[in-house]
Amino acid sequence: MLPQGLNKDCYLDHVAVAVSDLDVAQKRWEALGLTFSPEREVVESQLVTTAFAAIDEHAHIELLCPYGEGGAVKKFIEKNGEGIHHLCFKVPDVKLKMEDLRKSGFKFIYEEAIMGANNCLVNFIHPKSSGGVLIEISQTLK
Ligand code: CMX
């Protein structure tokens with residue numbers, strides 16, 4: 001049974017935190033009591049390595065560590081330092097959700113959804129159209 005108030009068509013999947021050293025950051029969050037998946041994933045399209053730890057039955061902390069030159073997370077850390085980078089919401093159909101949200105005035109970073117971490121189809125709402133919060137919507141592919 002879903003917790004009261006949880007909308008199965010849009011619920012928090014992860015809070016992404018930009019970090020400059022994955023091992024150091026992971027130890028910090030482990031000290032809080034979180035357990036990370038042993039597998040890390042390199043997301044080449046985004047120039048990041050990711051590590052996930054579950055918070056509850058749906059939500060996770062995602063650590064995002066940039067590599068190489070020119071990625072969004074590297075630029076974010078250079079400008080702001082480490083910190084919360086975006087919120088990700090799980091939806092059943094990312095393309096349908098994009099259509100709905102565009103009708104409501106939200107602007108997406110990518111014209112079409114792209115592949116993200118964990119075999120998910122994703123897109124990002126530009127923070128300028130969502131009150132200063134970078135929001136990812138994500139559909140898990142079968
Ligand atoms: N949260 C909130 N606001 C943000 C932001 C963030 N993470 N990143 C940038 N911004 C704001 C900046 O503060 C800036 O605002 P002002 O103009 O008021 O100063 C504005 O957006 C432009 O920022 P910028 O530093 O000039 O950066 P860019 O425009 O080059 O890029 C963005 C910003 C959102 C378009 C880019 O980060 C992007 O394309 N993001 C989507 C992809 C992504 O984030 N990938 C990493 C995650 C990968 C994963 O989870 O696998």
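Because only heavy atoms are used, hydrogens play no part in the values below, and waters and symmetry mates are left out as well, while side chains stay in. Numbering of ligands and ligand atoms starts at 1, following listing order.
Using a 4.0 Å threshold on non-hydrogen atoms, atom 22 (C) of ligand 1 does not count as touching the protein. In this structure, atom 33 (C) of ligand 1 has no protein heavy-atom contact shorter than 4.0 Å.
Within the set Met115, His85, His126, the minimum heavy-atom distance to atom 44 (O) of ligand 1 is found for His85.
Val122 belongs to a hydrophobic cluster whose other members, connected by ILVMFWY side-chain contacts under 4.5 Å either directly or through intermediates, are Ile109, Tyr110, Ile114, Phe124, Leu134.
Listed by number with element, the atoms of ligand 1 under 4.0 angstrom from any heavy atom of Tyr110 are 42 (C). Close approach to Gly132 involves these atoms of ligand 1, each under 4.0 Å from a residue heavy atom: 2 (C), 3 (N). Close approach of ligand 1 to Lys79 (heavy-atom distance below 4.0 Å) involves ligand atoms 24 (P), 25 (O), 26 (O).
Of the candidates Lys97, Lys90, His14, Ser138 forms a side-chain hydrogen bond (donor to acceptor under 3.5 Å, both in side chains) with just one, namely Lys90.
Evaluation of the salt bridge (Lys or Arg N to Asp or Glu O under 4.0 Å) test over residues 15-26, restricted to residues two or more places apart or in two chains, returns Asp23-Arg40.
A donor-acceptor distance shorter than 3.5 angstrom exists from the side chain of His126 to the backbone of Lys128, with no hydrogens or angles considered. Using modelled atom types, one side-chain atom of Ser129 and one backbone atom of Lys107 make a donor-acceptor pair closer than 3.5 Å.
The distance criterion of under 3.5 Å between nitrogen or oxygen atoms is met by Lys75 with respect to ligand 1.
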